[in-house]
Amino acid sequence: MTVRVAVTGATGRMGGEVLAAAADRDDVDVVLAVSRSAGETVEGVAVEAAADLPELLAERDPDVLVDFTGPESCIEYAAACAEAGVAVVSGTTGLGDDGFDALREVAADVPVLYASNFSRGIAALRRAVREAVPALDGYDIELTETHHNAKRDAPSGTALTILEDIDDVRGAAERVHGREGEAPRTEGEVGVHARRAGDIAGEHEVLLAGNHESLSLTHRAGSRGVFAAGALDAAAWLSGRDAGWYDFTEVLE
């Protein structure tokens, strides 16, 4: 069955990638694309005004909305989906606790699948980190992430997810963001570094060092298309499911 998809932020970086990826698939059909700046055509799809989303959802009747926008707009669009009975797939980062609370409220009415990263490689990296950290007990840990120069939130949502994985298997640790001047390591801390340059789609490295050895676990995304493809995989999987909160690992499994 073809899943009817709505795409927000259609004129943005990720919205365009989602539309491009959808054009190459037979299992999804884009029936609605919206943006704050309407009037353009992206990948052959006419982009309409995001302000009209509630009415457009009722008119076009999509099964799932795919969102890669900003924290405030993400919550606004998700609330509209709750009213319209439309499932939500979101990869918007920088939400904060209030944002996640609002999304979870939406999940009481419709299925919501959130992921800070829709890459299968990142899912594999997270599994490797959860195995390596306890296996190398006491080793120093440094996490470095690199993204394009227009990314607003730092550290990245993916980096924060990896840090949560580390805390889960080793216990909560102090996070030191960057270093300057006299800044020796303290026992158990995790160093966190965010770099912004060029048009880099996304790189994440976890470095574990101790006992005269080091282990580096690294993932590099060559294109944002990998995230768009994963989000559409999630949309196809989520369609028709019961209201609730879902995770991308469930799609992969």
Side-chain angles (χ1 to χ4, degrees), residues 68 71 90-101 103 113-224 226-227 230-231 245-253:
F68 286 93
S90 179
T92 294
T93 58
L95 287 171
D97 291 341
D98 290 344
F100 281 114
D101 288 345
L103 264 189
L113 192 153
Y114 177 84
S116 59
N117 193 299
F118 283 96
S119 158
R120 292 174 181 268
I122 283 292
L125 173 66
R126 291 181 59 193
R127 289 194 296 269
V129 168
R130 295 179 74 94
E131 291 184 11
V133 169
L136 302 177
D137 187 38
Y139 281 39
D140 295 332
I141 303 176
E142 297 275 312
L143 187 154
T144 302
E145 57 95 346
T146 308
H147 286 83
H148 56 87
N149 56 21
K151 185 169 178 62
R152 297 183 180 183
D153 55 312
S156 69
T158 302
L160 293 175
T161 299
I162 294 171
L163 289 168
E164 291 172 2
D165 290 334
I166 294 170
D167 286 350
D168 285 346
V169 296
R170 196 180 73 165
E174 178 188 7
R175 298 173 185 175
V176 176
H177 297 267
R179 303 185 191 282
E180 183 179 6
E182 186 176 346
R185 272 187 141 269
T186 58
E187 184 177 356
E189 76 175 42
V190 177
V192 184
H193 312 277
R195 305 187 299 181
R196 299 290 177 264
D199 58 357
I200 297 170
E203 298 180 2
H204 294 84
E205 177 194 25
V206 179
L207 172 67
L208 299 99
N211 192 33
H212 306 292
E213 63 179 347
S214 64
L215 171 66
S216 177
L217 302 171
T218 304
H219 175 269
R220 295 184 178 89
S223 165
R224 294 179 187 85
V226 68
F227 311 130
W245 185 264
Y246 296 89
D247 186 82
F248 189 50
T249 56
E250 297 176 81
V251 180
L252 300 180
E253 291 169 358

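As the structure is a computational prediction, the values presented were derived from the model and not from experiment. Throughout, residue positions are numbered sequentially from 1 according to the sequence presented.
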Quiz item: So which of R195, R196, E205 actually passes side chain to side chain donor-acceptor pair (under 3.5 Å) with T146?
Solution: R195

Exercise. Assess whether side-chain contact (heavy atoms from CB on, under 4.5 Å) is satisfied between L163 and R175, documenting all intermediate values.
Key: CA-CA 9 Å; L163 289 168; R175 298 173 185 175; 3.6 Å; yes

Quiz item: Looking at D167 and A173, what are the two nearest heavy atoms and their distance?
Solution: OD1-N, 3.4 Å

Quiz item: Any donor and acceptor pair, going by atom type alone, linking the side chain of D247 with main-chain N or O of T249 inside 3.5 Å?
Solution: yes

Exercise. Determine, step by step, whether L207 and Y139 satisfy the side-chain contact (heavy atoms from CB on, under 4.5 Å) criterion, reporting the C-alpha distance in whole Å, the side-chain angles of both residues, the deciding distance to 0.1 Å, and the verdict.
Key: CA-CA 9 Å; L207 172 67; Y139 281 39; over 6 Å; no

Quiz prompt | Shortest non-hydrogen separation from H219 to S119 and the atoms involved | solution = NE2-OG, 3.2 Å

Quiz item: Which distance, rounded to the nearest 0.5 Å, do you find between the CZ of F118 and the OG of S90?
Solution: 7.0 Å

Exercise. List the atom of L252, the atom of A123, and the distance in Å for their closest heavy-atom pair.
Key: CD1-CB, 3.3 Å

Quiz item: Can you find a heavy atom in the side chain of I162 that is under 4.5 Å from one in the side chain of L125?
Solution: yes

Exercise. Kindly compute the distance separating CG (L160) from CG (D153), expressed to the nearest 0.5 Å.
Key: 8.0 Å

Quiz prompt | Exam field: side chain E145 to backbone S156, donor-acceptor pair closer than 3.5 Å | solution = yes

Quiz item: For the residue pair F100 and W245, does the interplanar ring angle fall in the parallel (under 30°), tilted (30 to 60°) or perpendicular (over 60°) class?
Solution: perpendicular

Quiz item: Can you tell me how far the CD1 atom of I166 sits from the CG atom of L143, to the nearest 0.5 Å?
Solution: 6.0 Å

Quiz item: Is a side-chain donor or acceptor of E253 paired with a backbone partner of E250 at a separation under 3.5 angstrom?
Solution: no

Self-check item: Minimum-distance pair of heavy atoms, taken over all atoms of A221 and V226
Solution: CB-CG1, 4.2 Å

Quiz item: Is it true that atom CG of D98 has more than 12 heavy atoms of other residues, nucleotides or ligands lying nearer than 6.0 Å?
Solution: no

Quiz item: Which residues satisfy the salt bridge (Lys or Arg N to Asp or Glu O under 4.0 Å) test with R185, sequence neighbours excluded?
Solution: D140, E142

Self-check item: For R130, all residues meeting salt bridge (Lys or Arg N to Asp or Glu O under 4.0 Å), sequence neighbours excluded
Solution: D165, D168

Exercise. Dump the intermediate steps for side-chain contact (heavy atoms from CB on, under 4.5 Å) on I141 and R170, then the final yes or no.
Key: CA-CA 11 Å; I141 303 176; R170 196 180 73 165; 3.4 Å; yes

Quiz item: Among all residues two or more places apart in sequence or in another chain, which pass the side chain to side chain contact (heavy atoms under 4.5 Å, CB included) test with A150?
Solution: R13, H148

Quiz item: Of the non-hydrogen atoms in T92 and P71, which two are nearest, and what is the gap between them?
Solution: CG2-N, 3.7 Å

Practice problem: Tell me, yes or no, whether the heavy-atom count around N149 atom CG, taken from other residues, nucleotides or ligands under 6.0 Å, exceeds 12. | Solution: yes

Quiz item: More than 12 heavy atoms of other residues, nucleotides or ligands under 6.0 Å from CD of E187: is that the case?
Solution: no

Exercise. Hey, could you give me the CG/CZ distance between N117 and R126, rounded to the nearest 0.5 Å?
Key: 9.0 Å

Quiz item: Hey, what do you get for NE2 (H204) to OG1 (T158), rounding to the nearest 0.5 Å?
Solution: 4.0 Å

Quiz item: Taking all non-hydrogen atoms of both residues, which atom of A132 and which atom of L215 are closest, and how far apart?
Solution: CB-CD2, 4.0 Å

